[in-house]
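As structure tokens, the structure follows; a few thoughts come after it.
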Amino acid sequence: MQENRYIDTRGCVDQPVEFTEAVINGLADGGGLYVPQHIPELTLDEICELAQLPYAQRAARIYKAFGVDLPAQVIDELMAQAYGDNFDDERICPITSLDADTHVLELWHGPTSAFKDMALQCLPRFFSASAAQLREQGKLDHDFLILVATSGDTGKAALEGFRDLPHVSISVMYPDGGVSDIQYRQMATQRGSNVNVWGVRGNFDDCQTGAKNVFGDAAFAEKLLSEHGVSLSSANSINWGRLLPQVVYYVSAYSQLVADGKLTAGAPLDVCVPTGNFGNILAAYYAKRMGVPIDMLYCASNENRVLTDFINTGTYDVSDRPFVLTPSPSMDILVSSNLERQLFELTGRNPEAIAGWMADLKQQRCFRVDEDTFKAVREHFAADSVDNAECLRTIKEVLDKHDYLLDPHTAVAYRAAQNLRGENPVLIASTAHWAKFGNNVYRALHDMQPGQPLPENVAALSGCGLNDLVADESGHHDVPRGLAELDGLPIKFTEVIDGTTEDIESATERFLAALDNE
């Protein structure tokens, strides 16, 4: 196993760190993101052989290829825990084929019914094991607070993954009024003695910017350590420990398509991903770098089409861009953190270029990449955006044509894939179960306009009641238990705060003080 250490995208880390330290730190000093020094390469035979293994063993094999600095037996055990009967399908992320060349990778069979479970059933276990190993090595003597900004799905998945773990607590921020009723209830009813949730006045970018500012406040970090014995870390996709599990499922999916006779070994496959923070599609890029025969990466945007515009023009501009609420709220993002990692790779790992562009983005809300980098972007990526009305029409169209019910995020990806595809088969990343967004699925089935008020009797239903209605009307009675039982759970978290650095820090201290007093 080749030793693999981690450098950062802005060139601020003097000494590369091991996987365990990168996961614990979350964000690198100087604000950059960790990336591995080496991307392992697999032969086509090694990729295809993965299909003979259960999913947990596929994941363990990829982690070992990346030189994760934990004992092999520990990696095996953690993966067995992460991908077991906590998923409702033993295949973990099964593939449904709509036709011979259109395949849907279902990433929502975990406990919170969203693709974030694929990483957040894994990361907390590796975070805890990494912390334990660093304690044994004398490199660590404090606890952690995981601070998470979410556009809807990461929050619940992170809360579920970290709840009741020793030496760690977790606080989640979501945009108040900017998530679905089901997403809100999933977070607000979260069980666990070490968890906390706040609504934030504003949108997801306000949450994410506030969180980044808190992480960058050295004085606050010193205060948390001296008064509470706690350091901040992250479970957002800025953490490499969130990204690596996502690489696994693209390598796994290719091997499975070959094993199922749906793809010839070595044949090119295009991948389409509904994209907000750029982590999920970046994972497909890293799978491609490892040797998976992925050809084009299709970036599917909703009406917040900043990534589509960037991929098509080379300019990333949020200086005068309106923030649109859409039926696919987990993609309602204007500042996509993981694009930084992607540009680092496409510049030939040029930290000076990345630092300059990120400074421009922070100061001017805009940057433009050079001609060579833009050419590299276009070699790997194509992009399209799907408006709200087309998203809803697509849900109805796919149900009528294939008797398959999409959530709005996957509908955006399906439509973009149809618009962009060439001759290659396409794998569509399906990122959530439809029942997380029952209100907009109902609108789709009834040919309603986006945002159109639901009929009075329907609007009076809870999210669970609405899902029952959609299930009856569509014939898809597959609402996961974790969603179906939400009405019966007590609401535990109702606090709403402003998204300023000061307000987030004050709320964080109140939470930690309450934990200290327990």
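We number each residue from 1, following the sequence as shown. Predicted model, so just to flag it, every value in this text is computed and none were measured.
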Inset, instruction - Please report the shortest heavy-atom distance between C93 and Y55, naming the atom on each side. - result: SG-CE1, 3.6 Å

Legend entry - Trace of the salt bridge (charged side-chain N to carboxylate O under 4.0 Å, His left out) decision for K223 with E509: CA-CA 10 Å; K223 185 177 184 182; E509 288 200 81; 3.1 Å; yes

Legend entry - Near-ring test F437/H409, centroid separation under 6.0 angstrom: yes

Legend entry - Between S231 and H142: side-chain donor-acceptor atoms closer than 3.5 Å: yes

Legend entry - Distance-only polar pair, side chains of S385 and R305, donor-acceptor under 3.5 Å: yes

Legend entry - Short side-chain to backbone donor-acceptor contact, Q121 and N86, under 3.5 Å: no

Inset, instruction - Find out whether R321 and V306 are in side-chain contact, i.e. whether some heavy atom of one side chain is under 4.5 Å from a heavy atom of the other. - result: yes

Inset, instruction - Quick one: do S234 and N239 satisfy side-chain hydrogen bond (donor to acceptor under 3.5 Å, both in side chains)? Show the steps, please. - result: CA-CA 6 Å; S234 171; N239 192 317; 5.4 Å; no

Legend entry - Note, P36 side chain near I39 side chain (heavy atom, < 4.5 Å): yes

Inset, instruction - Classify the ring geometry between W240 and Y6 as parallel (under 30°), tilted (30 to 60°) or perpendicular (over 60°). - result: tilted

Inset, instruction - Decide whether N338 and R341 meet the rule of one side-chain donor and one side-chain acceptor closer than 3.5 Å. - result: yes

Legend entry - T154 side chain to K116 side chain, donor-acceptor N/O pair below 3.5 angstrom: yes

Inset, instruction - Would you mind reporting whether Y250 and Y285 have side-chain heavy atoms less than 4.5 Å apart? - result: no

Legend entry - Distance-only side-chain donor-acceptor flag, N280 / Y249, under 3.5 Å: yes

Inset, instruction - Taking all heavy atoms of P245 and all of M118, pick out the closest pair and write down the distance. - result: CB-O, 3.6 Å

Legend entry - Side chain D69, main chain T20, donor-acceptor under 3.5 Å: yes

Legend entry - Within 6.0 angstrom of K492 NZ, more than 12 heavy atoms from elsewhere: yes

Legend entry - Which atom of I497 lies closest to which atom of A507, heavy atoms considered: CD1-CB, 4.1 Å

Legend entry - Modelled atom types, side-chain donor and acceptor of Y286 and E345, under 3.5 Å: yes

Legend entry - Test item: D176 side-chain N/O and V200 main-chain N/O as donor-acceptor pair under 3.5 Å: no

Inset, instruction - Check whether more than 12 heavy atoms from other residues, nucleotides or ligands sit under 6.0 Å from atom CZ of R61, and answer yes or no. - result: no

Inset, instruction - Return yes if some donor-acceptor pair links the side-chain N/O of Q190 with the main-chain N/O of N196 below 3.5 Å, else return no. - result: no

Legend entry - T275 side-chain N/O to V273 backbone N/O, donor-acceptor pair under 3.5 Å: yes

Inset, instruction - Please determine, by modelled atom types, if N4 and Q37 share a side-chain donor-acceptor pair under 3.5 angstrom. - result: no

Inset, instruction - Decide yes or no for E3 and E18: does some side-chain heavy atom of the first lie under 4.5 Å from some side-chain heavy atom of the second? - result: yes

Legend entry - Euclidean distance, S113 OG relative to Q186 CD, rounded to 0.5 Å: 6.5 Å

Inset, instruction - Give a yes or no on this: more than 12 heavy atoms of other residues, nucleotides or ligands lie within 6.0 Å of atom CD of E495. - result: yes

Legend entry - Donor-acceptor contact below 3.5 Å, side chain D89 vs main chain R91: yes

Inset, instruction - Flag the pair I311 / T308 as yes when at least one side-chain heavy-atom distance between them is below 4.5 Å, and no otherwise. - result: no

Inset, instruction - May I ask you to check whether F87 and Y83 place their ring centres under 6.0 Å from each other? - result: yes

Legend entry - Ring-ring centroid check F381 F278, cutoff 6.0 Å: yes

Legend entry - S337 and K212 side chains, donor-acceptor separation under 3.5 Å: yes

Legend entry - Between T9 and E340: side-chain donor-acceptor atoms closer than 3.5 Å: yes

Inset, instruction - Pick out which of D153, D407, T431 makes a side-chain hydrogen bond (donor to acceptor under 3.5 Å, both in side chains) with K436. - result: D153

Inset, instruction - Classify the side-chain pair S336/N277 by whether it contains a donor and acceptor separated by less than 3.5 Å. - result: no

Inset, instruction - Might you point out which heavy atoms bring S151 and V179 nearest each other, and give the distance in Å? - result: O-CG1, 3.7 Å

Legend entry - Steps toward side chain to side chain contact (heavy atoms under 4.5 Å, CB included) verdict (E106, F115): CA-CA 8 Å; E106 296 178 353; F115 83 104; over 6 Å; no

Inset, instruction - Using a cut-off of 6.0 Å, state whether more than 12 heavy atoms not belonging to E222 lie near its atom CD. - result: no

Legend entry - F144-F127 aromatic ring centre distance below 6.0 Å: yes

Inset, instruction - Could you tell me the separation between the NE2 atom of H380 and the CD1 atom of I281, rounded to the nearest 0.5 Å? - result: 12.0 Å

Legend entry - Donor-acceptor pair, side chain of T326 and main chain of N302, under 3.5 angstrom: no

Inset, instruction - Using distance alone, with no hydrogens and no angle criterion, decide if S430 and T410 have a side-chain donor and acceptor under 3.5 Å apart. - result: yes

Inset, instruction - Ignoring hydrogens and angles, tell me if any N or O in the side chain of T508 forms a donor-acceptor pair with the backbone of I504 under 3.5 Å. - result: yes

Legend entry - D76 versus Y63, side-chain donor and acceptor atoms under 3.5 Å: no

Inset, instruction - List the steps and the verdict of salt bridge (charged side-chain N to carboxylate O under 4.0 Å, His left out) for R135 and D143. - result: CA-CA 10 Å; R135 280 193 186 91; D143 291 345; 3.6 Å; yes

Legend entry - Any donor-acceptor N or O pair under 3.5 Å, side chains D503, S506: no

Inset, instruction - Would you confirm whether D360, through its side chain, and Q364, through its main-chain N or O, come within 3.5 Å as a donor-acceptor pair? - result: no

Inset, instruction - Using distance alone, with no hydrogens and no angle criterion, decide if T315 and D317 have a side-chain donor and acceptor under 3.5 Å apart. - result: no

Inset, instruction - Output yes when a side-chain donor or acceptor of D217 lies under 3.5 Å from a complementary backbone atom of N213, and no otherwise. - result: no

Legend entry - E227 versus D516, closest heavy-atom pair with distance: O-OD2, 4.5 Å

